[in-house]
Amino acid sequence: MATDITATEVKDPKQTVLGIDLGGTAIKLGKFTAEGNCLASLSVPTPQPSTPEAVVTAIAQAVSKIDPQGESLGIGLGTPGPVDASKRIAKVAINLAGWHNVPLADLLEKHTHKPVVLANDANCAGMGEAWLGAGQGFRNFILLTLGTGVGGAVILDGQLFTGPMGTAGELGLITINLYGPECNSGNRGSLEQYVGISAIRHQTGLEPEKLGHMAEAGNRQALEFWETYGHYLGAGLANLIYVLGPEAIAISGGISASAKYFLPSTWAEIERRVLPECRLGLQLLPAQLGNQAGIVGAAKLAWQSISRV
């Protein structure tokens, strides 16, 4: 069942796009103007089993509810996995059944009769933060998401960077320990193996939220854990800073709720590892948009695609 649709009056409803965030449990939609105003929002459950056919049908039905007159000019859609360089094929979708090289843009265009462009959900979150969140005002910006996995997005010269194959920017898969734990990607000792939720559970037997509450209460072991956590995160970010030279890095995801306990040691590690000349003016920031970043960034993706036509 859909949640309530929120809406406001607009003078020219045709000048909008839809931003969609496809997740394993919910599909979130937003209707945005070119200035970033959200005129309506909607969330519907992701169908189970979440086959491509069922998901496309659910998205098309939700689009008809949030945009009943069909005024929106296009759709940006974030998927939980990599997409191809053309931004039309979902190569894999994590936690969705039967997804492999799904021509998602084509399928959804047939149902909605609107142009569709795809991006990885973390990339959409990065675009959202760059447009309306912590990354505003920066031309070169990194978003790092700390959750079950560790992902993110790279904004270079104001544009999302995904490389010639559409797969660049897998920030959580960089190596920080040559002989570290095995990663699902086939790597060993990746950043994700030290700062993702699974790593925290393995190291402590506790959930990040619990460790945050313990730190808030002044628990010494929890405070020491977060300090060490920050050092690992800082070591990973040092690699990214040397390669990409961002003006700002924003931290998002569920684990970021405890950012005040680990960002000081994160910054200390960056200062230890990165030459001052390579981090002049660098800002390390909490993300601002929360779980709305995905639909905001997907909408920005749609606007950018339309402007290039």
Side-chain angles (χ1 to χ4, degrees), residues 21-24 76-96 99-102 104 117-130 134-135 140-157 159-200 229 232-246 248-256 266 270 284 287 293-294 297-298 301:
D21 184 9
L22 169 60
L77 173 58
T79 73
V83 303
D84 73 326
S86 71
K87 297 182 174 64
R88 299 193 61 78
I89 297 174
K91 291 185 175 182
V92 179
I94 300 166
N95 297 324
L96 299 181
W99 286 70
H100 184 72
N101 291 327
V102 176
L104 185 56
V117 60
L118 310 178
N120 170 270
D121 53 2
N123 286 334
C124 284
M127 292 185 69
E129 289 289 343
N140 298 282
F141 170 75
I142 292 174
L143 176 75
L144 191 72
T145 59
L146 303 174
T148 304
V150 175
V154 177
I155 308 296
L156 296 179
D157 197 24
Q159 299 294 318
L160 176 67
F161 175 74
T162 58
M165 303 298 291
T167 55
E170 291 291 347
L171 306 184
L173 302 184
I174 62 172
T175 301
I176 63 171
N177 183 354
L178 182 62
Y179 303 107
E182 291 186 1
C183 176
N184 290 335
S185 68
N187 193 10
R188 296 187 71 98
S190 64
L191 180 62
E192 184 172 287
Q193 301 308 302
Y194 292 89
V195 299
I197 288 178
S198 295
I200 293 175
Y229 178 96
Y232 278 113
L233 179 59
L237 292 179
N239 294 328
L240 300 176
I241 293 165
Y242 272 128
V243 173
L244 298 169
I249 301 171
I251 306 298
S252 71
I255 298 173
S256 68
T266 300
I270 289 171
L284 185 60
L301 184 74

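Between the side chain of Glu129 and the backbone N or O of Ala134 there is at least one donor-acceptor pair closer than 3.5 Å. In this structure, Asn239 contributes its side chain and Val243 its backbone to no donor-acceptor pair below 3.5 Å. In this structure, Thr145 contributes its side chain and Gly151 its backbone to a donor-acceptor pair below 3.5 Å. Judged purely by atom type and a 3.5 angstrom limit, Arg188 has no side-chain atom pairing as donor or acceptor with the backbone of Leu178.
Inter-residue side-chain proximity for Tyr194 and Asn177 is flagged as met; some heavy-atom pair is nearer than 4.5 Å. Side-chain contact check for Leu146 versus Leu233: some heavy-atom pair is nearer than 4.5 Å. For the pair Leu143/Ser252, a side-chain contact is recorded, criterion being any heavy-atom separation below 4.5 Å from C-beta on. Put simply, the side chain of Leu191 does not reach to within 4.5 Å of the side chain of Leu171, judged on heavy atoms. By the 4.5 Å heavy-atom criterion applied to side chains, Leu144 and Val150 are counted as neighbours. Residues Thr175 and Asn187 are in side-chain contact: their nearest non-hydrogen atoms beyond the backbone lie under 4.5 Å apart. Within the 4.5 Å cutoff, side-chain heavy atoms of Ile155 are placed close to those of Leu160. Residues Ile89 and Leu118 form no side-chain contact, since every pair of their non-hydrogen atoms from C-beta on lies 4.5 Å or further apart.
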Please lay out, stage by stage, how Leu237 and Ile142 fare under the test side-chain contact (heavy atoms from CB on, under 4.5 Å).
CA-CA 10 Å; Leu237 292 179; Ile142 292 174; 5.6 Å; no
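The OG1 atom of Thr266 lies 13.0 Å from the OH atom of Tyr232; values are rounded to the nearest 0.5 Å. In this structure, Asp84 CG and Met165 CE are separated by 9.0 Å, a value rounded to the nearest 0.5 Å. Put simply, CG on Leu240 and CD1 on Ile174 are 4.0 Å apart, with the number rounded to the nearest 0.5 Å. Between Ile241 atom CD1 and Ile249 atom CD1 the span is 4.0 Å, to the nearest 0.5 Å. Here the OG1-CG distance, from Thr79 to Leu96, works out to 8.5 Å after rounding to the nearest 0.5 Å. Rounding to the nearest 0.5 Å gives a distance of 4.0 Å between CD1 of Ile197 and OG1 of Thr148.
The shortest heavy-atom contact between Cys124 and Gly294 is CB-O, 3.6 Å. In plain terms, the two heavy atoms of Thr167 and Glu170 that are nearest each other are O-CG, 3.7 Å. Scanning all heavy atoms of the two residues, the minimum distance from Leu77 to Ala298 falls at N-CB, 4.1 Å. Heavy-atom minimum distance, Cys183 versus Leu173: SG-CD2, 3.7 Å. Looking at every heavy atom in both residues, Val195 comes nearest to Ile255 through O-CD1, 3.4 Å. The shortest heavy-atom contact between Ala122 and Asn120 is N-OD1, 2.8 Å.
Considering Val83, Thr162, Val154 as possible partners of Asn123, the one that fulfils the side-chain contact (heavy atoms from CB on, under 4.5 Å) test is Thr162.
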